[in-house]
Amino acid sequence: MPQGAPPPQTRGSRILGTEGLVWGLVFLALFAMAARVPLDPDMWWHLAAGRAMAEGRQVLHADIFSHTVTGKPWTDVYWLAQVAMYGLYRLGGLAALMVATALSVVLAFVPLARVLRGSLFVRAFALVLVAVASAVTWVPRPQMVTFAFLSLTFWLLDRHRRDPQSRVHWALVPLFALWANAHGGFPAGIILIACTLAGDALEQALGWATVEALSWRRMGGLALAGLLGLAATCLNPHTYRVLLLPFQTVRMEVLQHLIQEWASPDFHQPWVWPFLALLLATALAWALSPRRPALRDLLAVSAFAYMAFLGGRNISLAALVMAPTLAEHGSLVLERLRQAPRLSALWTKATPSSPPPARPALNAAVLAVALLASVGKAAYVASVTGDALRQTYPVDALAFIRAARPPREMFNPYNWGGFCLWELHPDYPVFVDGRTDLYDDPFLREVLQVAWAQPGWQAVLERYRVRFALVEAGSLLDLWLREEAGWTEAYRDGVAAVWVRQGGGP
Amino acid sequence: MAGGWRALWTWLDAKRLLVWVLFAGIFAMALRPAADWDMWWHLRSGAAIVQARSIPLTDPFSHTRFGHPWVDQSWLAQVGLYGVYRLGGFGGLALGLAFAVVATFALVFWASSGHLYVRVAGVLLAALASAVFWSVRPQMASLFLAAAVGALVRRYRQRGGRALWLLPPLFALWANLHAAWMAGLLLLACGVVGEVANALASSGRSGSLSGRTSPFPQPPAAATPSLSAEPGERGLGVSEVRAGALALAGLLSVAAISLNPQGPRMLLYPFQTVGIGVLQQFIQEWASPDFHRLQFHPFLWLWLATVWALACSPLEKDWGDLLAFALFSAMAFTAGRNVALFAVVATPLLTAHGTAVLEPALRRLTGASSGGTRLAPVNWGIAVLVALAVAARAWAGPLNPLAVAQEQGARFPVQAAEAILRERPPGPLFNSYNWGGYLLWRLYPAYQVYVDGRTDLYGDEVLREYLQVVRLEPGWEEALARRGIRLVVVEAGEPLANRLRADPDWEPFYADGLAAVFVRRGG
């Protein structure tokens, strides 16, 4: 080794160097952000489905949880994720689900981090921005599979592009087969592949293609892998029906207008602001970059942004798709600004003339503290989960129902349907829950008619032979039942009330 | 003489015909019956100002805010609206709206550079995006003036000149027409910041680091030697001079805004309005656009088209343009009523950069001649047909009293108001928010309203109380009793109507398919 030359970097010194410190802190922060009390309303019916399948040892093909659509064919596209969720719950309860969700978030960001290009801090910034934009969707639900698999798809496409000899694109086939058994969001992967192909084909046709654009041969290989992947999605208990599910879902008006995650984003809500910041930052980075963005990136961001504008639940996917192009062009813009004469003087003053010396011991200590803090947060969340549940869900009201055993059938609020299903099945089938692909528009309108006490709500309850109603304390229906002849209050606490139809009480 | 006619005959070439069809189409789009929710209280206010020959400084129209200070920020526009109504009725108002929209987009068209086809497509897309918010209201003045300020600022930044000094009188006028002058100040601020940022980010040479050409041409280096100066040398560059001029024009404009009946207090008005929580959450035009409604999709297309044009354009980007694009994008996504402002700001960017992107294709398209005298009869024939179609649309719709009455009858409690005026049941009145303006127009001074579209007047306190009542939240009956309400006018299918129908303390007074009126028993 020449005299005075820096010692060669070991793997350990790389991990504990600046890059390792930055990524270590980022991923530990992701874990801490994702470690939250599992309160999502839909988590419960996924758990209930997983339990039913584990106990019955067969996939569900029809509804068994409600009394309003009992026996109706149900395309439970989430079966594999539901069984896994139930398995985790059996191992460690809600705490295990919480930790698994946090770990799945971290794992989902690993492929994305590997795809990012540009300066370290721009890449880290882009990743953090994506995390903050998508964080609201990090819940113990099969949709985490779509988030993780889209990130993986991105990485596979990136490898396919950068290494002309690689055959990683064939991994898309088993990936889609697995995806279609865990969550119905696999069309997101198809859309990403389609945007890649369309963008690169257009660039080749227009003569805009750069060295990074796929050749026609590579495009052909990717297209074939995509088609096989699409065909592989039929390798599930419901076969081709999973392909129809997205089209059924987007046609449902009540879903689109009244279920918050399917509604257009409300930009008055602070949790949406990071998405807006990401969107505008990407647009500005493209405009100012000395390099034109690839058409595949323009198409992908446009498509996913459009989906996000139509349904807030797609914000996380759009954020994920924007990160690589933002990192790339953001770095180019910063580099360009650094070279501007008036700014380069400022830049030189602000940055050290030589890189700071490596401090692996200090970095290791910082990472250890961050790790402790993340684990501590997870432990704290696990300790307060019970109280949080009690404040959000009708825990005590359901205990009353189990004890008092009022006669069927039950009316329940939409948001509590999953929890009621989990706690009361099979004794009390629910009126409605979060399986919006199962219930149709006319039925959901009836649910709203009752919930908002609109004219004719009594007839709806009569038609479904409802004998008792679980309602949110102080809700409109709760107020109306108080005035309505023929109903008696059987239970009340700060969260819920139970009203029993006279002649149908315990 | 014959030569003059011939020149006129051949003047209408294909390009001019295209522009004519564009603006005829926009005119037809803007033709709609005068039936906006808020139009009515503007008309009533205009009538009151004309009759009293003074501008109200306190509220006379509601019983919940009677005597409270009221910033009637649109007094001049209200007088104008009332004048048009007196001259031409609702048809006159509808025509006025259509002409105001055409004037606005003509200004946007004039201010936009680039190929004709791209300008036509861009302005059409902008019109489609903003059409959902065209209504007979003073806010149309803000749309026109925002386009004017944007055009003046761009023109000054591109060519210099003295037109910049039209801004202060423009803002003085704006502050008396409508309160959205903040949009104009934001455009000015973007211009200032843009000049500074361009100077900081430039390479200091006549080219740029990326080799792109600037849409804001720099004067030759000899005229501004400091442009090629090394950083740190003294002397003002063109950018600094322009930034200073824009800042000065901005300060004078801010001072000019104080030239209104409220004086300098007007400067605080926009901040007070956006601070009203209920406004942001529950008033539809202040809510984020609902992209499940097809009418908001042209906004998305315009936004994406502008992003694509900026991304793919070989032209150097101006920091002021980008800042304005980002700011007005955020405003439009946050509140749907700002979509129209975004459209007038984004269109010049779209056309300039879109032309640069499409330039090779456009060169191939526009090689043919305009046709000369041979196509003149066809061009004139099309122009006349289009004009006749627009006239027919106007005659069948907003200029037809029956059609207008039908439209208004479908939206407003026309028959219920007549029944109230006929029978004169005792007040005070509680009314639906959406109908507040109409009831104010019809029933005042016999009845004062509970609430109407003047959300800045009512603030969170009255609006939350209103929502408590219409949503039947706990305490709603006490809220009505506290105000001494004895007369209620609401939509027939609303929960409050259903509740009062079953309430022994209230008696149904009038009902039709649209409205329900209740009076409290016992007077």
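Throughout, protein chains are lettered first and strands after them, A, B, ... in sequence-line order, and every chain is numbered starting at 1.
Nearest heavy-atom pair across A:Tyr306 and B:His297 is OH-ND1, 2.8 Å. Listed here is the closest heavy atom pair of B:Phe325 and A:Ala283: CE2-CB, 4.5 Å. The two atoms that bring B:Phe291 and A:Leu310 nearest to each other are O-CD2, 3.2 Å, heavy atoms only. Contact record, B:Arg499 with A:Trp480: CD-CH2, 3.5 Å, taken as the closest heavy-atom pair. Listed here is the closest heavy atom pair of B:Pro289 and A:Ser264: O-CB, 3.7 Å. When all heavy atoms of A:Ala340 and B:Ser202 are compared, the pair lying nearest together is CB-O, 3.8 Å.
Considering only heavy-atom pairs separated by less than 4.5 Å from chain B, the leading option among A:Thr282, A:Leu479, A:Leu279 is A:Leu279.
Contact of B:Leu304 with chain A is made through the side chain alone, with heavy-atom distances under 4.5 Å. Only the side chain of B:Leu300 comes within contact range of chain A, with heavy atoms under 4.5 Å apart. Proximity to chain A is limited to the backbone of B:Arg471, based on heavy atoms less than 4.5 angstrom apart. Of the two parts of B:Pro360, neither the backbone nor the side chain holds a non-hydrogen atom closer than 4.5 Å to a non-hydrogen atom of chain A. Using a 4.5 Å cut-off between heavy atoms, B:Trp301 touches chain A through its side chain atoms alone.
Here the straight-line distance linking atom CH2 of A:Trp273 with atom OG1 of B:Thr334 works out to 8.5 Å at 0.5 Å rounding. Atoms CG and CG, from A:Leu280 and B:Leu327 in turn, are 9.5 Å apart once rounded to the nearest 0.5 Å.
By a heavy-atom distance cut of under 4.5 Å, A:Leu295, A:Leu298, A:Leu299, A:Ser302 are the residues of residues 294-302 of chain A near chain B, going up by number.
Using bins of under 30°, 30° to 60° and over 60° for the plane-to-plane angle, the ring pair A:Phe309/B:Phe333 lands in the parallel bin.
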